[in-house]
Amino acid sequence: MSGGELLRLEGLEKHFILSRGLGWSRRRLRAVDNVSFAIPAGQTLGLVGESGCGKSTLGRVLVGLIAPTGGRILLDGQPVSPARSQTERRHIQMVFQDPYASLDPRMTIHEVVAEPLRINGGYTPERVDALLAQVGIAAEAGRRLPAQFSGGQRQRIAIARALALDPRILILDEAVSALDVSIQAQIVNLLRELQRRIGLTYLFISHDLSVVRHISQQVAVMYLGRIVEIGPCAQALDSPAHPYTQALLSAAPDPRRRGRRRIVLAGDLPNPLDPPSGCVFRTRCFKATERCAREVPALAPLPDGRQVACHYAEAVDRTRLAELLVPLTRASQDAGIPITKETHKEDPK
Amino acid sequence: MSVPVLETRDLAVEFAGPEGPVRVVDKVSFTLDPGEVLGLVGESGSGKSVTLLAVMGLLPPTARIVSGEVRFLGQRIDTADETALQRLRGGDMAMIFQDPMTSLNPVLRIGTQIAEAIALHRPGLGRRAIAARVVELLGMVGVPDPEARSRQFPHEFSGGMRQRAMIAMAIANEPKLLIADEPTTALDVTIQAQVMEVLEEVRARTGSSMVLVTHDLGLVAETAQRIAVMYAGRIAELAPTEAIFERPAHPYTIGLLASLPSLDATGEMLASIPGQPPDMRQRPPGCAFHPRCHLGRDRTRCAGERPVLAALGDGRLAACHYAREAEAGAATAIPSGVGVAG
C-alpha cells in the first residue's frame, strides 16, 4: 500500500506582511519559513509544536485555504497550481479541531456530509449513508442535527464529510485534541482503521507527542515557523537530537514515567515579529552559545538519516534525558534560572 | 490524626432543568489532610468542577447542594452565610482557575489586582506594605522584574505569566487550602511545566493543601499523593497515586489508563472504552458505568444495585461490586511500562 511519496513540500513559506498603526514601516511575520518534507502514500507525518509555531498555518496552506508566499507543493510529483483545480482540491481535505464549531448547527448531519457531494456532483443518499456507516454512525441518525451528538460523534461526522470526495490526503488539525481520553482513543483507532482500509495519507497536526507517536511513521517538530527536527518517530521521538524536541518530550506529563526529572525551559516563546538572531530557539535553549546567536543552523542530516537544525545536535535516548540536566543545573544556578526539579517530591510538611 | 483541611460527606448537587432537577454530583465523599495534594480526575461532565464550586460556595443560582456536608478545618461551610464565605475565600481558601485571561480584570493593573486580594483580608496593612508584598509575591512565582511588571496590564502578560500572577494572587494570604481547577490546561507543555513547578514550589513553601482538578492523568501523577477518579457525578475510585496507576481496581480507571496513548507503546490499536459517558438526565440505574463496562455489561447486580465506595485495603477505595476481579484483570489490560520511572 505504501508506495512512492504522495505529497512533497519544497521550501514552502507563508509570510504575513503586517503594517503597523503609524507610519509606513512594515513587518514580516514568518509563519511558515522554508519548510520541506515528503509523505509517502498511505503513511502519516505527525507535525508537532506549541501554539504559534505555524503548524496550523501550514495545514491551511496545504489544503488551499491560504496561498503560500513561496515554495512549491507537489502532489504525486506534479506541482499544485496556486489557483487549484477542482481535482487538486478534492485530493486534499481537512478535519478541524473543534467539532462544535465546524458543523453547521442548522443542517442535518446527512446534509452536512452530502454538501461536498452536491457541490462536486455524485450525490446519492446511499453514498452518504455509506460514508456515515464507515465512521460508525447509523444511517438513521442522518436526520438529526449536530447538537444531538457528542463531541466524539461530531468528529466522526466531520471525518465522514472530509472523506466524501475520496481524498488521498487528510490534514488533521488537532482533530482529537478537544476530546476526552476515552473518546480520543476511539477516534485515533478509527483514523488508523480508515488509513489501513482506504490507503489514506495523513498530515497529523498535534501538540500531543504520545498521540503522534501512535499514529505516525514520521514526525516533524516546528518552532517559530521552522522545522527543527524531522525523521522517523523511532528516531526523533525515541532519541531526540534537538534541544527543543528533548525539552518537549521531557516536559510532557506521562503517568507511566512518574518520578523522573524533567527539563523545564526558561522563558516564553519569543515575539515572532522580532525573532532572535541566529537560531530562533537559542533564547530558551540550555545548550546555546555565542555561535547560536550568529549562525542560523541549517536542517542537516545526522548519520541515522533524520534531520536536525542545531549546531550541537546530539541524539539522546528518551529515557536518559534527565542526564542532560547534570551539567545544566550548575549553569542554570549561575544564571539564577530554575531549570530542573525533582518531580513527585515527598510531602514537605 | 489531625483534623482534615477539607472534608465532604455524601455531597450531592442538583441543577434545575426543564424536566426537573438533574443531579450532577452524587454522594461525593473525600478528605484532604494538611499538606496533602489530592488529584480530582474525570472527563468532561463528570462533576469534578461542580464539586469544587460547591465546596467554595460558588455554585451558580440554578444549582444547589441537596444533601451532605462540607467541612473546612472541622467547621461546616456548606451552611455558612455569604459573609463568612467571603472572609474565607481568598484568605484561608484560594482558587486558581483554568483561564487566566477571563479571571483577571483586563482594565486593572496586575499589581492592583493582587493588592486588592491582600487588602480585603488584611485591612490594617498600609499601602506601602501591600505594594512591597505584591512585588515579593510576583518575584516568588518567577515573574521577572516584578516591580515593573506589577504596573502592567493583563494583556501585557503571556499566558504562562498570567497564570503565575493568578498563583501569586491565590497565595497572597497564605491559604491553608488551594483549589486549582485545570490550572495549566490552556498552556503549552513547556509553559505548563514551568507553571506546575512554580505552583508546587509555593505550595510547599506555604504548606497549603491542594485539590488539583484536571482531566490530565499525567499531570496529577506527578503532583498528587492521592487521586480520586470521578465518573458521572460519583467517585469511582480513590487511592494513593502509585496504587491508581499500578493496581487500579475500578473498570473505568482501568479503561482510562489503557486508552492513554503512550510514547512507549506503539503500533497497536489503542484500547478504548466503548460508548459515551451517560447523559446526566438519564443516568443508568445501578452502577452508572455498567453499560460501558467489560465486567458489568451483562451482570444484573451492576444494573440493579449501586456500588458504594468500599475499602480495599492500603487506603484504596473503589465503587465496584467486582473490584477484586477488575483488579486481577487489570494486569493484562494496561500496556506494559506502567509505573516505571524513566
Side-chain angles (χ1 to χ4, degrees), chain A residues 50-52 150-153 180-189 192-193 207-215 233-234 237-238 244 247-260 262-269 284 318-322 337-338 341 343-345 347-349, chain B residues 34-37 43-44 142 158-161 188-194 196-198 200-201 203-205 207 215-223 225 241-242 244-245 255-267 269-274 276-277 292 335 337-342:
Chain A
E50 298 179 284
S51 354
S150 67
Q153 288 172 313
D180 279 318
V181 206
S182 68
I183 306 299
Q184 172 179 292
Q186 293 176 1
I187 302 296
V188 167
N189 286 344
R192 290 183 57 154
E193 193 190 309
H207 66 278
D208 186 332
L209 295 163
S210 311
V211 179
V212 164
R213 182 76 172 95
H214 252 273
I215 202 166
C233 286
L237 294 184
D238 289 351
Y244 182 59
L248 275 183
L249 281 162
S250 174
D254 185 341
R256 293 176 177 88
R257 292 176 299 134
R258 296 187 305 284
R260 83 213 135 103
R262 56 182 164 181
I263 305 169
V264 177
L265 290 178
D268 278 322
L269 201 71
R284 303 176 71 197
R318 179 159 45 79
T319 56
R320 305 179 62 176
L321 287 174
I337 308 163
K341 94 156 194 179
T343 57
H344 203 72
K345 282 183 204 145
D347 191 13
K349 291 204 175 145
Chain B
E36 189 188 24
V37 179
E43 300 184 282
S44 348
S158 67
M161 283 297 151
D188 281 317
V189 272
T190 60
I191 307 298
Q192 170 176 310
Q194 292 175 359
M196 283 314 292
E197 185 167 276
V198 164
E200 187 48 35
E201 219 175 87
R203 194 200 63 78
R205 197 188 297 189
H215 68 280
D216 188 338
L217 283 161
L219 199 69
V220 280
E222 293 184 354
T223 318
Q225 278 103 48
T241 303
E242 295 295 319
I244 284 274
F245 290 102
L256 262 192
L257 289 174
S259 55
L260 264 188
S262 157
L263 283 164
D264 302 313
T266 58
M269 287 287 188
L270 283 171
S272 66
I273 305 175
Q276 324 273 340
R292 301 177 73 191
V338 175
V340 180

Quiz item: Where does Pro274(B) contact chain A at under 4.5 Å (heavy atoms): side chain, backbone, both or neither?
Solution: backbone
Are [X] and [Y] side-chain neighbours, meaning at least one heavy-atom pair lies under 4.5 Å?
{"X": "Met196(B)", "Y": "Pro253(A)", "result": "no"}
{"X": "Val188(A)", "Y": "Ser272(B)", "result": "no"}
{"X": "Met269(B)", "Y": "Glu193(A)", "result": "yes"}

Self-check item: Option from Ile263(A), Val264(A), Leu265(A), Leu269(A) for which side-chain contact (heavy atoms from CB on, under 4.5 Å) with Thr190(B) holds
Solution: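 It is Leu265(A), the one option of Ile263(A), Val264(A), Leu265(A), Leu269(A) that forms the side-chain contact (heavy atoms from CB on, under 4.5 Å) with Thr190(B).
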Quiz item: chain B heavy atoms under 4.5 Å from Val181(A): which part of the residue, side chain, backbone, both or neither?
Solution: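 Contact with chain B involves both backbone and side-chain atoms of Val181(A).
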Self-check item: Contact origin within Ser51(A) toward chain B - heavy atom pairs under 4.5 Å
Solution: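 Answer is both: backbone and side chain atoms of Ser51(A) are under 4.5 Å from chain B.
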Quiz item: For chain A, which of Asp216(B), Leu219(B), Asp188(B), Val198(B) has the most heavy-atom pairs under 4.5 Å?
Solution: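 Most pairs with chain A among the choices: Asp188(B).
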What distance do [X] atom [atom1] and [Y] atom [atom2] have between them, rounded to the nearest 0.5 Å?
{"X": "Leu256(B)", "Y": "Asp180(A)", "atom1": "CG", "atom2": "CG", "result": "8.5 Å"}
{"X": "Ser182(A)", "Y": "Leu257(B)", "atom1": "OG", "atom2": "CG", "result": "12.0 Å"}
{"X": "Gln192(B)", "Y": "Glu50(A)", "atom1": "CD", "atom2": "CD", "result": "10.0 Å"}

How far apart are the closest heavy atoms of [X] and [Y], and which atoms are they?
{"X": "Val189(B)", "Y": "Leu248(A)", "result": "CG2-CD2, 3.5 Å"}
{"X": "Pro261(B)", "Y": "His214(A)", "result": "CB-CD2, 3.6 Å"}
{"X": "Arg284(A)", "Y": "Ile191(B)", "result": "NH2-CD1, 3.8 Å"}

